[in-house]
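Worksheet for the structure shown next.
Below, all heavy atoms of this structure are taken into account, side chains as well, without hydrogens, waters or symmetry copies. Letters go in sequence order (proteins before strands), and every chain restarts at 1. Computed from a predicted structure; not experimentally measured.
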Amino acid sequence: MLNAIKILLPYLVLIVLQFVLPKYFSLTDIYPNFIIMYVLFIALNKGTMSGQITGFIYGFTWDVLSTDIFGVRALTLTICGHFAGKFNKKLNKDQALVQILLMFMCLVITQISLIFLYFIIPNDFGNRTLFSNYNGLVSVLLTLILTPLFFKILNYFYDTK
Amino acid sequence: MTNKSNKSDNFVFVVLILFSLMLILFRLTPTVNMLRGLIYQILVPSIQFTSDSFANTGKIISNLIQTVSANQQNIKLKEEVVLLSQQLKDYQDLVEENIKLKNLLNLSHTKETEVVYANIIIREPVHWYQGVIINKGEKDGLTENLPVLFVDNNGIACVFGRVSKVYNTTAEVALITNSLSSIVVKINNEQTDCLLEGADMQYLKLSYIPNNAELQVGDEVVTSKISSVFSNDIPIGKIVDITKTPYNEYSEVLVLPYFQTQSISEVAVLLPKKRTS
């Protein structure tokens, strides 16, 4: 029961944070990507297996709630979780600079995968990647800046030792 | 031991990647759509509940303030009701007269509409200018291509988008800023119609502008009567930038839609009124 709550609660909180709150706090598309932050956190602390499964579940949920091509987020976040998991126990994950660099790597991996997917499957609802315009770049910066803070908050809830 | 764990990690990775690729490749098949719909139906109630809770928390404070001033307004409104009831009677007479005259001239009747108010439950930052998901669907009578408006801070209904996909209890709304959206519009002080197109960004682009049109920054853009989705004269936004070619032709005219200037959580969908015979 406690395990189920431990999995479901962050899931619901993150979905609300990513999909419900933007309409209250933002007038533009500038908004940090909390889901990728969470996938990176799990991958760094729990390893490749947990990282890729978390990436897949959250990516799949994103796909269900999105107007994007179905399956692209599941694919990109699984790739991101897998590669981020490779750094588990290899780097000092508590250092803010390491967290920011790894987050940048994750964002680059997901965006390159998205650009490739959009290239082979044009989307009916408009193709956009974070690096394609000014607001997207600001969102990337915001995600990078907030990563250490988000990790600190998550450290309170997860046993990361 | 580590090798074994690596092997199982890689095996699961390959399985997940293959599964994701299958979802992408077969995304239009009924099986994948059914799976998506099933997960969607499981997730949406909890998201809707949270979204409504946030909206209601904000409303409680404003309701308290409104209750205080409601009493004073009530007295004024009572006086107005008496006046308006007399005007309504005159209006009804005019409507009847109008119908009679239209019948005599064989003109078509004005379209009657009803309004369904809906809350925006999902607005994804990655697709900020493309679309939103609202909490009303097929069950509430929504169909594709219905006009969606919002009421601005001055109480004026302005264009927001159109219904693009309808589910049982929710619907997707394609915003006018979506690159697939275009509306026939007119500029308030001009008589000619132009085309206003979305560009997946904050601004809309105005095209097919006649060379003799005299546009100015700040001019209001409203819907034209030949628009297939919207009624005549609904405000959309204001011109914010005009670029001209060396030959004095309009090369780019940018319009800032009114919905980009405020936070919106509630919209109104206009439905054709069902005639009761």
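With a 4.5 angstrom heavy-atom cutoff, A:Ile53 touches chain B via backbone and side-chain atoms both. With a threshold of 4.5 angstrom between heavy atoms, A:Phe19 approaches chain B through its backbone and through its side chain. Interface remark: B:Leu43 contributes side-chain atoms only to the contact with chain A (heavy atom separation under 4.5 Å). Residue contact with chain B, scored on non-hydrogen atoms closer than 4.5 Å, involves the side chain of A:Val16 exclusively. For B:Ser8, the parts sitting under 4.5 Å from any heavy atom of chain A are the backbone and the side chain alike. Looking at B:Leu25, neither its backbone nor its side chain comes within 4.5 Å of chain A, counting heavy atoms on both sides. For A:Leu75, the parts sitting under 4.5 Å from any heavy atom of chain B are the backbone and the side chain alike. If you measure heavy-atom distances from B:Ile133 to chain A, the contacts under 4.5 Å come from the side chain alone.
Annotation: B:Lys139, atom NZ; neighbour count of heavy atoms from other residues, nucleotides and ligands within 6.0 Å does not exceed 12.
Pairing each heavy atom of B:Asp9 with each of A:Gln52, the nearest pair is O-NE2, 2.8 Å. Of all heavy-atom pairs spanning B:Arg123 and A:Pro22, the tightest one is O-CB, 3.7 Å. Minimum interatomic distance between A:Phe56 and B:Ser20 (heavy atoms only, all atoms of both residues): CE1-OG, 3.5 Å.
Below 30°, between 30° and 60°, or above 60°: for B:Phe13 and A:Phe83 the angle between ring planes is above 60°, a perpendicular geometry.
Contact count against chain B (heavy-atom pairs under 4.5 Å) is highest for A:Leu65 among A:Leu65, A:Asp63, A:Ile15, A:Val72. Most heavy-atom pairs under 4.5 Å with chain A: of the set B:Asn10, B:Leu23, B:Leu16, this distinction falls to B:Leu16.
From B:Asn6, atom CG reaches atom NZ of A:Lys86 across 5.5 Å, with rounding to the nearest 0.5 Å.
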